[in-house]
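Values in this document were obtained by computation on a predicted structure and should not be read as measured data.
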Amino acid sequence: MAGRGLLGKASGPGFTLAILVLLEVLSRTLGLELNPAPLYLAVVYATFSGGMAGGLSSAALGILYAAWAYSVPGHPFRFSPDHWVRLLTIAGAAPAIAGLVGFLKDRSDRRQGEEVRARLTRILEATVDLVATAGSDGRLLYLNRAGRRMLGLGEAAALGGESLGRLFADLSALDKALPAALRDGAWTGEVLLQGGAAGPVPASLVLLVHPGPDGKPEFLSVVARDETQRQRLEAQLRQSQKMEAVGRLAGGVAHDFNNLLTVILNTVSFLETDPALPAPLGKDLEAIRRAAKRGSALTRQLLIFGSRQSAHPQPVCWNRVVTDTLDLLRRSLGTQVGIVPSLAPDLKAVRADPGQLEQVLVNLAVNARDAMPGGGRLTLETANEEVDGVPGVRLRVRDTGTGMPPEVAARIFEPFFTTKEKGKGSGLGLAVVYGIVRQAGGLIEVDTRPGGGTCFTLRFPALDERPASPAREEGGLPAAESGGRTVLLVEDEDDVRAVASRILSGGGYAVLEASHGAEALDRLADGNRTVHLLLTDVVMPGITGRELAERAAVLRPGLKVLLMSGYAGEGSDEGAEILRKPFTDEGLLARVRQALVG
């Protein structure tokens, strides 16, 4: 048997003997003595390590050669028998030494391989993705910690008998992926994996086929990533984009609708002041007024939903909002619904419109009442929290009602979506809540299941500053003398302009009318007329109300300005005085007096 030694290739016994005879000759020439004792030990080791065959074959060849050389008189290698013993010992031990070196090298390579394998295993066990391998028969050979956690298996659970199909919640996905992977070497796609008690887990998966030396599949590997969070974020983004689109549409509709309501409400007022009005028509006009006010309230909800209703944000504490609203909630919900406040001490403030937060709470409470027709419990809970190191404030509104299935819960914030009977709801209550929360920079989540009640969680950024103390009631503003005061009225809607002009004239003001911004600038450029107040619509074709106000300030420094708007959207200036449409005659005159005094 040949040994692998320092020569790098297998050496036959004859070659080994020739080399060692040369060494013996050199040692004699130089006067060196070789101690054969260590070589005897090497021969003994060779017996147990596979080097015996090589040693015996070399020794046998050496004996034959020594006998021949000794029988030839004067042969240069006619050494004494004791020298041949040492020589043959070296010859027999050489393969054993070569085997020992090879054995040690194999052990070193094996140890390095085990270290590399251990590092790879640690990496696979630490990754958050599922990693698995299976034999060509589909039986699982390895499943990392993340995969076991995803499937609900213990870390020590054996995989014996488990197949690759154990990973999939829907085996049709495996039936589709496996043939493609066998054909192309790899398959990538979206699948549903087994998720233990939590249910199926959406995942992106890569299935690889690894061929052996013969080109046939030797084993399979799977890498899968849990996409639950990504899909949740994508759904929230789509919902936000959809709400934004609907909000823009709602803002535009509300602007035009408010113009119509302004005309309707004030025309009713004009008719009611007519002394010749027949008494029976008074009830009809009142019905028209009520319908118009309902339309105004509906429009206001649309504007809030679309984040186009002007808000007056300030530091406010949710605890105070809950406390101030409790009496109203108890009257609205009735005695069958018990309200349980759970308010955190030292709750931080949030920046929002206090009135809008009250509307949020009322809308959520009324929604909970409708979900508990037989009565129940409504819990209002506040708390400070930290999300990713950012301080925040949380409000939870939890009921013990009927709950909702997933397909309903997915649509509850859509405008006009309702599960109530016809005429029992507008479908805007929760849409308005969503709009207010979003406008205040917050988030809203819902957790519900049929028969398990519903919990709305609202999260807002926390403030370091304290909420302002409740303001004292102020007395009414003094009325300004209208005599000699001139108002420049700018409104592109003819009917609205006519109504406003009639109200102002009835209030004793001189009125200059303009149907657009350019016409208003021409009137302001006329130095022959004094103008005390510019009353202009915000959204107009061409020059907007805000632009008109800025240019008017150049032409008439110190000119008072009052803006009118159907909604506080683009083109409005939240720092300016704004009169909301639809307005009444009393409301318009009061705001004009306020603007002139201010």
Side-chain angles (χ1 to χ4, degrees), residues 229 232-233 236-237 239-241 243-244 247 300 303-329 339-365 368 378-398 413 430-447 455-474 567-570 572-578 580 598:
Q229 182 65 11
R232 182 182 297 115
L233 292 176
Q236 290 177 353
L237 176 61
Q239 178 75 358
S240 177
Q241 291 173 335
M243 291 296 193
E244 177 66 20
R300 187 163 53 253
L303 292 173
I304 292 174
F305 160 73
S307 298
R308 275 143 178 87
Q309 179 69 36
S310 177
H312 302 283
Q314 61 189 61
V316 58
C317 179
W318 263 114
N319 285 354
R320 180 178 296 168
V321 174
V322 173
T323 302
D324 292 346
T325 316
L326 276 179
D327 289 340
L328 174 62
L329 293 181
I339 302 177
V340 182
S342 177
L343 308 181
D346 300 324
L347 188 70
K348 294 183 178 179
V350 302
R351 182 171 295 279
D353 186 314
Q356 289 188 351
L357 293 190
E358 288 182 3
Q359 184 170 4
V360 165
L361 195 56
V362 170
N363 285 13
L364 291 176
L378 178 66
T379 303
L380 307 176
E381 174 192 313
T382 61
N384 294 315
E385 64 176 7
E386 265 197 19
V387 179
D388 298 330
V390 178
V393 174
R394 183 184 71 230
L395 169 72
R396 279 189 176 145
V397 181
R398 182 186 295 109
F413 297 121
L430 293 179
V432 167
V433 169
Y434 178 89
I436 292 175
V437 172
R438 185 180 62 175
Q439 192 174 21
L443 297 173
I444 182 169
E445 302 168 353
V446 58
D447 182 18
C455 178
F456 287 94
T457 301
L458 286 63
R459 292 186 166 90
F460 298 84
L463 299 178
D464 292 332
E465 53 188 311
R466 305 295 299 175
S469 300
R472 295 181 180 178
E473 294 292 332
E474 298 181 358
Y567 70 98
E570 286 188 30
S572 68
D573 183 358
E574 294 185 356
E577 291 291 329
I578 298 180
R580 300 293 168 209

Using every non-hydrogen atom in the two residues, find where L361 and V321 come nearest and quote the distance to one decimal. CD2-O, 4.2 Å

side-chain hydrogen bond (donor to acceptor under 3.5 Å, both in side chains) filter on T457, not counting sequence neighbours, yields R396

When V360, L343, L380 are each screened for side-chain contact (heavy atoms from CB on, under 4.5 Å) with W318, the one that passes is V360

Going by the rule side-chain hydrogen bond (donor to acceptor under 3.5 Å, both in side chains), which residues pair with T382 if we only count those two or more places apart in sequence or in a different chain? N319

Closest non-hydrogen atom pair between K348 and P391, with its separation: NZ-CB, 3.8 Å

Please list, chain by chain and in numerical order, all residues satisfying side-chain contact (heavy atoms from CB on, under 4.5 Å) with D388, sequence neighbours excluded. none

Describe, in one word, how the ring planes of F413 and Y434 are oriented to each other, choosing from parallel (under 30°), tilted (30 to 60°) and perpendicular (over 60°). tilted

What's the shortest heavy-atom distance between L378 and A365, and which atoms? CD2-CB, 3.9 Å

Show the nearest heavy-atom pair for residues L326 and P341, with the distance to one decimal. CD1-CG, 4.3 Å

Are T325 and V362 packed together at the side-chain level, in the sense that at least one heavy-atom pair is separated by less than 4.5 angstrom? yes

Specify the closest pair of heavy atoms between L357 and V350, including all atoms of both residues, with the distance to one decimal. CD1-CG2, 4.3 Å

State, with a plain yes or no, whether a side-chain heavy atom of N384 is found less than 4.5 Å away from one of V393. yes

Any side-chain heavy-atom pair of N363 and L430 under 4.5 Å: no

Salt bridge (Lys or Arg N to Asp or Glu O under 4.0 Å) filter on E385, not counting sequence neighbours, yields R394, R459

Suppose we screen for side-chain contact (heavy atoms from CB on, under 4.5 Å). Which residues come up paired with Q229, at least two apart in sequence or across chains? R232, L233

Go through the structure and list residues passing side-chain contact (heavy atoms from CB on, under 4.5 Å) with P461, not counting sequence neighbours. none

